[in-house]
Amino acid sequence: MKQQRSARPRGRGLAMFALGLLGGRLLSLFDADGGSDAPAYHSRRIVHNANEAIIAADETSCIVLANPAAAAMFGVTARQMQGRSLADFIQAPGLDDAAPTDYFHADGRAGRRATDYAGTGLRANGETFAIEGSIVDSLQDGRTVYTIVLRDVSERQRVQRKLARSHDQLRQLSSALQTIREEERTHIARELHDDLGQLLASLRMDLTLLREVCGAAPSSARLIDGMDGNLLTAITSLRRIATNLRPRALDEGGLFFALQGLREDFVQRHGIACELLAEEAELRLDDQASTAIFRIVQEALTNIARHAQAKLVTLTLYRVNGELLITIRDDGRGIREEDMEKAESLGLVGMRERVWGLKGEITISADEPPGTRIDIVVPLRGHTV
Ligand SMILES: Nc1ncnc2c1ncn2[C@@H]1O[C@H](COP(=O)(O)OP(=O)(O)O)[C@@H](O)[C@H]1O
Ligand SMILES: [Mg+2]
């Protein structure tokens with residue numbers, strides 16, 4: 001591990017760094033005059049009373065000084081630490097003649113200072129725990145002394161793991177709820193279509209028979225025509241409601257036809273031009289992928305109608321090397337950074353969740369003005385039919 005004498009730490013890191021330097025200075029003064037002069041006494045008191053665990057060790061990793069905070073962290077007294085090897089308190093690197101810096105490894109976190117390292121602490125009761133340390137080396141009378149400022153990060157890591165687990169569970173819950181919702185929609189749409197739809201169709205047939213039975217009486221003919229007109233309106237509304245719940249094309253034709261229906265409906269309803277550039281054969285996907293992609297495009301079109309003030313929308317879907325590339329572009333006002341942070345807006349969040357559910361990636365940007373562009377890449381392995 002490379003030693004850093006010239007690192008420029010900030011904030012809390014700066015305090016740790018200063019403590020390290022102070023520890024190093026203390027050590028030199030300690031050695032020089034046995035602690036009799038005032039600055040040495042002052043430094044010693046600061047290190048002694050610091051909340052941070054501070055250890056000084058020589059080149060052979062023998063501890064020459066430890067403050068009470070360090071002793072408490074390892075479950076011993078400061079006196080018990082002095083003269084012992086660092087290996088008794090920090091998991092040894094498995095090297096002969098390990099220097100103090102060998103006890104730590106870069107923890108790989110982005111943005112970390114080069115002086116910060118991770119290691120594993122060993123408590124007196126045999127327990128191991130995660131630590132992070134900053135090391136400062138200083139030269140004293142021709143030998144290097146290392147001052148190590150340590151933090152016990154086990155609690156922080158425990159909380160991070162717990163948070164990650166609960167985040168994971170929330171994602172699974174949201175995905176399960178989406179699936180249940182989709183199943184319910186499919187079920188209701190089918191019932192509407194099959195039961196109510198059939199009933200209305202047979203009523204229309206009965207009306208035709210009734211017209212024959214009643215003969216040509218003008219009053220009854222008008223009544224029957226009126227009833228027929230109402231029945232037709234009911235059938236049309238029912239189809240619209242059922243299709244809004246879940247388009248039959250998704251289950252019967254496939255994603256391409258479902259998207260075509262969505263496009264036609266969008267153009268008719270909002271008067272905004274919309275192109276669909278896709279090949280039917282490339283969009284033969286399983287139910288999970290078809291449904292997710294359909295709902296993503298549906299949400300994007302709803303957003304365009306509500307927010308974009310666009311004149312033209314282009315939907316592009318094509319396959320490349322086992323991945324489906326989806327681009328949704330509009331020429332409207334363009335999405336802003338702050339739009340994507342709105343806490344109360346769940347449309348974009350839902351889109352992201354659906355993409356992640358397919359292990360894909362999504363970027364939403366306004367970087368090609370005018371308008372908004374959504375790019376999605378979905379791996380198709382296991383989703384083609
Ligand atoms: N195509 C778009 N063009 C311009 N702004 C958009 C577009 N899509 C989304 N937005 C902005 O992003 C915000 C968040 O969208 P969304 O999460 O779907 O929530 P909602 O539609 O309920 O407001 C919208 O309120 C809108 O300001
Ligand atoms: Mg929305």
Side-chain angles (χ1 to χ4, degrees), residues 167-168 170-186 188-189 240-247 249-250 255 258-278 283 288-318 324-378:
H167 189 242
D168 230 43
L170 275 179
R171 277 214 158 146
Q172 281 173 18
L173 176 68
S174 128
S175 151
L177 288 176
Q178 294 269 34
T179 309
I180 292 170
R181 187 161 168 244
E182 200 66 44
E183 282 169 1
E184 271 178 5
R185 284 171 154 243
T186 310
I188 298 171
R240 184 176 41 78
I241 294 166
T243 304
N244 279 347
L245 280 170
R246 164 115 183 156
L250 258 188
L255 180 59
L259 290 176
Q260 258 191 346
L262 195 61
R263 186 199 76 83
E264 278 161 23
D265 184 56
F266 175 80
V267 173
Q268 205 174 28
R269 234 193 260 191
H270 305 290
I272 302 171
C274 179
E275 302 176 324
L276 171 63
L277 307 173
L283 296 184
Q288 189 201 354
S290 301
T291 303
I293 294 166
F294 179 83
R295 294 297 181 202
I296 290 166
V297 176
Q298 191 176 38
E299 173 61 31
L301 289 180
T302 306
N303 275 350
I304 292 169
R306 282 176 66 187
H307 311 293
Q309 292 136 27
K311 290 195 174 58
L312 175 68
V313 182
T314 315
L315 308 172
T316 318
L317 297 94
Y318 61 97
L324 186 66
L325 275 55
I326 306 167
T327 307
I328 305 158
R329 295 172 74 168
D330 69 66
D331 61 353
R333 70 161 171 84
I335 195 163
R336 292 166 303 220
E337 272 304 312
E338 62 265 31
D339 291 336
M340 296 190 241
E341 306 296 330
K342 287 182 189 168
E344 73 280 11
S345 301
L346 294 176
L348 299 179
V349 175
M351 274 165 74
R352 287 203 178 93
E353 286 298 321
R354 284 192 190 270
V355 173
W356 285 331
L358 293 173
K359 306 201 169 20
E361 280 172 32
I362 176 168
T363 42
I364 303 171
S365 57
D367 62 359
E368 266 186 58
T372 302
R373 179 183 174 129
I374 301 176
D375 286 290
I376 298 167
V377 183
V378 175

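Counting convention: from 1, in listed order, for ligands and their atoms alike. Because only heavy atoms are used, hydrogens play no part in the values below, and waters and symmetry mates are left out as well, while side chains stay in.
Protein heavy atom closest to atom 19 (O) of ligand 1, with residue, atom name and distance, is S345 CB, 3.0 Å. Here the protein heavy atom with the shortest distance to atom 20 (P) of ligand 1 is H307 NE2, 3.7 Å. In terms of protein heavy-atom proximity, atom 13 (C) of ligand 1 is nearest to D339 O, 3.6 Å. The protein atom (non-hydrogen) at minimum distance from atom 5 (N) of ligand 1 is R333 NH2, 3.4 Å. Regarding atom 22 (O) of ligand 1, its nearest protein heavy-atom neighbour is R306 NH1, 3.7 Å. When only non-hydrogen protein atoms are considered, atom 17 (O) of ligand 1 lies nearest to L348 N, 2.9 Å. With hydrogens left out, the protein atom closest to atom 8 (N) of ligand 1 is N303 CB, 3.4 Å, a heavy atom. Shortest contact from atom 27 (O) of ligand 1 to any protein heavy atom: K342 NZ, 2.9 Å.
Looking at I335 next to ligand 1, no N or O pair under 3.5 Å apart turns up. Taking any N or O of R336, backbone or side chain, none lies under 3.5 Å from an N or O belonging to ligand 1.
Between the side chain of D331 and the backbone N or O of K311 there is at least one donor-acceptor pair closer than 3.5 Å. Here the side chain of R333 pairs no donor or acceptor atom with the backbone of Q309 at under 3.5 angstrom. Panel note: side chain R185, backbone L245; a donor-acceptor pair is recorded below 3.5 Å. Checked by atom type and distance alone, the side chain of T179 pairs as donor or acceptor with a backbone atom of S175 at under 3.5 Å.
The shortest distance between side-chain heavy atoms of I241 and N244 does not fall below 4.5 Å. Inter-residue side-chain proximity for M351 and I374 is flagged as met; some heavy-atom pair is nearer than 4.5 Å.
Close approach of ligand 1 to I304 is summarised as follows: ligand atoms under 4.0 Å from at least one heavy atom of the residue are 1 (N). Near G347, meaning under 4.0 Å from any of its heavy atoms, are these atoms of ligand 1: 16 (P), 17 (O), 18 (O).
Between E182 and R295, at least one side-chain N (NZ, or NE/NH1/NH2) sits under 4.0 Å from a carboxylate O, which counts as a salt bridge.
Neither the backbone nor the side chain of E344 has a heavy atom within less than 4.0 Å of ligand 1. Contacts of T302 with ligand 1, taken as heavy-atom pairs under 4.0 Å, are absent altogether. Looking at T372 against ligand 1, only its side chain comes within 4.0 Å, counting heavy atoms.
Considering E353, E183, R354 in turn, R354 is the only one that fulfils the side chain to side chain donor-acceptor pair (under 3.5 Å) rule with Q178.
For the atom pair CZ of R373 and CD1 of I335, the computed distance is 14.5 Å after rounding to the nearest 0.5 Å. Atom CG of N303 is separated from atom CG of D330 by 9.5 Å, given to the nearest 0.5 angstrom.
When distances from the Mg ion (ligand 2) to the N, O or S atoms of E299 are compared, OE2 comes out shortest.
At least one heavy atom of E299 sits closer than 4.0 Å to an atom of ligand 1.
With a cut-off of 2.8 Å, the Mg ion (ligand 2) has no N, O or S atom of T302 in range.
The heavy-atom pair separating F266 from I304 by the smallest distance is CZ-CG2, 4.2 Å.
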